[in-house]
Engineer: 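This is the structure I want to talk about, given as structure tokens.
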Amino acid sequence: MDIAYQLVIVFMFSLAILDLTVGVSNDAVNFLSAAVGSKAAKLKHVLLVAAVGVFVGAAFSSGMMDVARHGIFAPEYFSFQQVMCIYLAVVISDVFLLDLFNSLGLPTSTTVSMVFELLGAAFITALISSNTEVGFMEMLNTDRALTIIISIFLSVAIAFFFGMLVQWIARVIFTFHYKKNLGRKIGLFGGFAITSIIYFMLIKGLKGSTMVSPEVREYINTNTVAILFVAFIFFTVLMQVLHWCKVNVFKIIVLVGTFSLALAFAGNDLVNFIGVTLAGFESFNDYTANGAGDAAGYMMSSLNDPTTTPVYYLIGAGAVMVIALWTSKKARKVLQTSINLSSQQNEEGDMFGTSPIARNLVRATTKMVDGISQVTPQSVKDWVNKRFVPLEEREEVAFDLVRASVNLVLAGLLIALGTSFKLPLSTTYVTFMVGMGSSLSDRAWGRESAVYRVTGVVSVVGGWFITAGAAFILAGLVATVMNYGGIPAMFVMIALVIYLLVRSHIQYNKKKEQEKADEDMVIILKSENPDEVWEKLQSHSAKTLTKTLTFSAETYKRMFDAFAKDELRPLKSSLIKIVEEKAQMKKERRSETRGMQRIDQQLAFERSTWYHLCTNSCQQMLNTLTRICEPMKEHAENSFSPLSKMYIEEFTPYCRDIYNALKDINDIILNGNYKDSDEVSARAKELKHALANLRKTQTMRLHQSNGSLRMDFVYLNLIQESHELLSEVRNLLRGSNKLFAPVTDKVKSVE
């Protein structure tokens, strides 16, 4: 039995290492987004500053495991076996949930994950426990969970409001032309910012550190005001002198703020990643020393005792986190989500689409702003608008250094303030919502992008609350299985989580392979060479068109085969995939249109018509597939008479010929070889004539039919829409031939 628990402990340590990696991938956005979004320094330099902060924060971590040991449940009422079920359920659920959110590119809270997983697993274990000496609620500490729920609501609202307010004030003071409006203001601003960051590090980052003596901590707590006053005077003078020496003070503020947030993250959130595993390890040590082999009867009162984590554990954890920070691709994806949502560039991709909530919020807010504008004196509006005039030459950054500084300083201050009131504020919640509030007041959410940004924020915030419920339920289910199944169930769950993680990794790699086409678009939007832009744009557009053609051919064939066999599921899945393909094509079209703006003006004028003809043809092809699939799906759902054998035999050759025509045109565009295009187009035209004759025949049948009119109408619709599909694909072939034709010197020379 002890050997089995040893294996469980080994597995928990393995998952703890993975949890550190996954946790850094999730939380890196907290301290990287401001510096990366504003390009305060090169990415490798930002990562270096953050890595030092993470390592120092981990080494100076308090190491207190109170939450994992006795913060959520009363361990004296639980046996060693039950405690191990709780801890194993937590680590399994935690890694799975965080990996899921990271794969989706959504930031979530590791604090909420751990607390609600502990609560869910302990709740179920207490529910099925045979301990009748105490009440059920006495076995749990629900006050902690309630406090965190309240802090979620408070931190989200407060961080967003103050992010919006402080950024508006900062922009009014500095404007977007801040490099010309610094003067003596930058010294005061820099002194206040650096002093705030120091306060944040003293109060939040080094609180309870095992590597800081109690005397030093007591001195800091007693003389905090004096320390901050001296720091403010010193750094105000220093920042002003640095500004006179032509040093960019904003970059210093951003990098120091990045270091402080990274330090606080590692110092305070480390317990979320390794606290449960270390608590389980200490429980095992106590059990082997005093349990006498009775895992089900030995109660874990020892978890109530205070403990500190050995320094080598902290240093090792810091090293793992630093490696993960430098190597994690998922961290880049989560980071990009936050940067995109707060970007000053309104044309950033709308990865979240739109939602009814976002549309209603934007509409209501727009009306409210218009109402306020009507009662505001024109002179006030003119003065404020002058302060928000953007730069004529747009910088290649998501937002400028003023906003990056506000994001970091304000996030640090709010977290420090929450700590002083003993509120367990999440660094994820505060930093993300400060960034969203500051971007709103900075007018980054224009009319063309606001609905997408609001949808993104609602999606992320909604994900935070879903995390709590999902963590509670998932950990509870896992704990139930292991409480009833014992050691065998533990190993089954271990095998299951290994399988899920391997599958998630494989699926994520496949998804990254599919997204490689975006690399060309990155070059297109960053290159200053019109010829290079056009070359990459042609390649990207050809891939987009052929992807739609391949999808259309396969989906068309799948739909007819499914309808002929009276199968409903392929028709349902086809309709879903058509909607997804439409959304993807819309996104690609927007990106490529931005690319067309970066090529030679005369070339863009000549080729834009053909480009839009091609994309419109693709859109109409997908609309045609929708019009084919919907009647088929409705017919199959209602179990109406299936397609007759005569119709199946009659249309099968047409389906094959249409499929082949689409594939041939796809090969022509993909290879860029149009020498056979006339022959393929002529073949498609003949096929259209044949379908027109078949449509006349089917129309005559309708007047003479004594069978199922519903089935006859669906078949007629299939013929008509297939005819339209061929028309659109011929237009696509003609348009692509003009779009991708070689550029002549004459075209290049025309102004």
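Atoms considered below: every heavy atom in the structure, side chains included; atoms not considered: hydrogens, waters and symmetry mates.
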Engineer: Looking at CD1 of I86 and CZ of F73, how far apart are the two atoms once the value is rounded to the nearest 0.5 Å?
Structural biologist: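 Interatomic distance, I86 CD1 to F73 CZ, rounded to 0.5 Å: 4.5 Å.
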Engineer: If you define the side chain from C-beta out and look only at heavy atoms, does anything of L119 sit under 4.5 Å from F472?
Structural biologist: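 SC-SC contact between L119 and F472 confirmed.
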Engineer: For the residue pair Y287 and Y298, does the interplanar ring angle fall in the parallel (under 30°), tilted (30 to 60°) or perpendicular (over 60°) class?
Structural biologist: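 It falls in the tilted class, 30° to 60°.
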Engineer: Check each of M493, E117, M114 against S93 using the side chain to side chain contact (heavy atoms under 4.5 Å, CB included) test, and report the only one that passes.
Structural biologist: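 Of all the options given, the one that passes is E117.
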Engineer: Quick one, M300 and F78 - any side-chain contact, counting heavy atoms below 4.5 Å?
Structural biologist: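 No, their side chains stay 4.5 Å or more apart.
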Engineer: Are the side chains of L48 and K44 in touch, meaning some heavy atoms are under 4.5 Å apart?
Structural biologist: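 In short, these two side chains do not touch, never coming nearer than 4.5 Å.
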Engineer: For the pair N223 (side chain) and Y219 (backbone), establish whether a donor and an acceptor sit closer than 3.5 Å, ignoring hydrogens and angles.
Structural biologist: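 Pair found, side chain donor or acceptor close to backbone of Y219.
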Engineer: For a 4.5 angstrom cut-off between non-hydrogen side-chain atoms, does V481 reach L477?
Structural biologist: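 No. Closest side-chain heavy atoms not under 4.5 Å.
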Engineer: On a heavy-atom basis, which atom in L303 and which in V83 lie closest, and how many Å separate them?
Structural biologist: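 Taking L303 first and V83 second, the nearest heavy atoms are CD1-CG1, 4.2 Å.
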Engineer: Identify, with sequence neighbours excluded, every residue that meets side-chain contact (heavy atoms from CB on, under 4.5 Å) alongside D294.
Structural biologist: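 Testing D294 for side-chain contact (heavy atoms from CB on, under 4.5 Å), a comparison that skips the adjacent residues, returns A296.
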Engineer: Which heavy-atom pair separates M12 from M84 by the least distance, and what is that distance?
Structural biologist: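 Closest heavy-atom pair between M12 and M84: SD-CE, 3.9 Å.
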Engineer: Looking at every non-hydrogen atom in both residues, tell me the closest pair between R403 and S438 and how far apart they are.
Structural biologist: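 Result for this residue pair: CD-OG, 3.4 Å.
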Engineer: Quick check: closest heavy atoms across M482 and A89, and the distance to 0.1 Å?
Structural biologist: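 Looking at all heavy atoms of both residues, the shortest contact is CE-N, 3.4 Å.
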Engineer: Provide the closest heavy-atom pair for V409 versus A193 in the form atom of the first, atom of the second, distance.
Structural biologist: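 Closest pair (atom of V409, atom of A193, distance): CG2-CB, 3.6 Å.
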Engineer: Begin with the C-alpha distance, continue with both residues' side-chain angles, and end with the deciding distance and a verdict on side-chain contact (heavy atoms from CB on, under 4.5 Å) for L408 and I253.
Structural biologist: CA-CA 8 Å; L408 288 167; I253 296 172; over 6 Å; no
Engineer: Can you tell me how far apart CG (L97) and OG (S113) are? Round to the nearest 0.5 Å.
Structural biologist: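 Between L97 CG and S113 OG, I get 6.0 Å after rounding to 0.5 Å.
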Engineer: Tell me if a side-chain donor or acceptor on E282 pairs with a main-chain N or O of A279 at a distance below 3.5 Å.
Structural biologist: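 Pair absent, no side-chain N/O of E282 close to backbone of A279.
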Engineer: Quick check: F80 with Y5 (ring centres under 6.0 Å apart)?
Structural biologist: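 Centroid distance Y5-F80: below 6.0 Å, so yes.
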Engineer: Please say whether more than 12 non-hydrogen atoms of neighbouring residues, nucleotides or ligands are located less than 6.0 Å from CZ in F284.
Structural biologist: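 Result for CZ/F284: enclosed.
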Engineer: Measure from the side-chain N and O atoms of N483 to the backbone N and O of A479, and report whether any donor-acceptor pair falls under 3.5 Å.
Structural biologist: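 The answer is yes, because a donor-acceptor pair under 3.5 Å joins these two groups.
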Engineer: Suppose we screen for side-chain contact (heavy atoms from CB on, under 4.5 Å). Which residues come up paired with I498, at least two apart in sequence or across chains?
Structural biologist: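 Once residues adjacent in sequence are excluded, the partners of I498 under the side-chain contact (heavy atoms from CB on, under 4.5 Å) criterion are F11, I494, V502.
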Engineer: Is there a side-chain contact between Y87 and V8 in this structure, where contact means two heavy atoms from C-beta onward sitting under 4.5 Å apart?
Structural biologist: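 Contact flag for Y87/V8 side chains = no.
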Engineer: Output all residues satisfying side-chain contact (heavy atoms from CB on, under 4.5 Å) with F13, sequence neighbours left out; order by chain, then residue number.
Structural biologist: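 In terms of side-chain contact (heavy atoms from CB on, under 4.5 Å), with neighbours along the sequence ignored, F13 is linked to I9, T277, L278, F281, Y313.
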Engineer: What is the distance from atom CZ of F192 to atom CD1 of I197, rounded to the nearest 0.5 Å?
Structural biologist: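 It is 10.5 Å, given to the nearest 0.5 Å.
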Engineer: So which heavy atom on S79 is nearest to which on G297, and how close?
Structural biologist: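 Scanning both residues completely, I find the closest heavy atoms to be CB-N, 4.3 Å.
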Engineer: Any chance you could measure L414, atom CG, to L410, atom CG, to the nearest 0.5 Å?
Structural biologist: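 Result: 4.5 Å between the selected atoms.
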Engineer: How about P488 and M490: do any of their side-chain heavy atoms sit closer than 4.5 Å?
Structural biologist: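 Counting from C-beta outward, P488 and M490 never come under 4.5 Å.
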Engineer: Say you draw a straight line from OG1 of T431 to CG of L32; how long is it, rounded to the nearest 0.5 Å?
Structural biologist: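 The CG atom of L32 is 10.5 Å from OG1 of T431, to the nearest 0.5 Å.
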Engineer: Distance from M139 atom CE to I72 atom CD1, nearest 0.5 Å?
Structural biologist: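 So the CE of M139 and the CD1 of I72 are separated by 14.5 Å.
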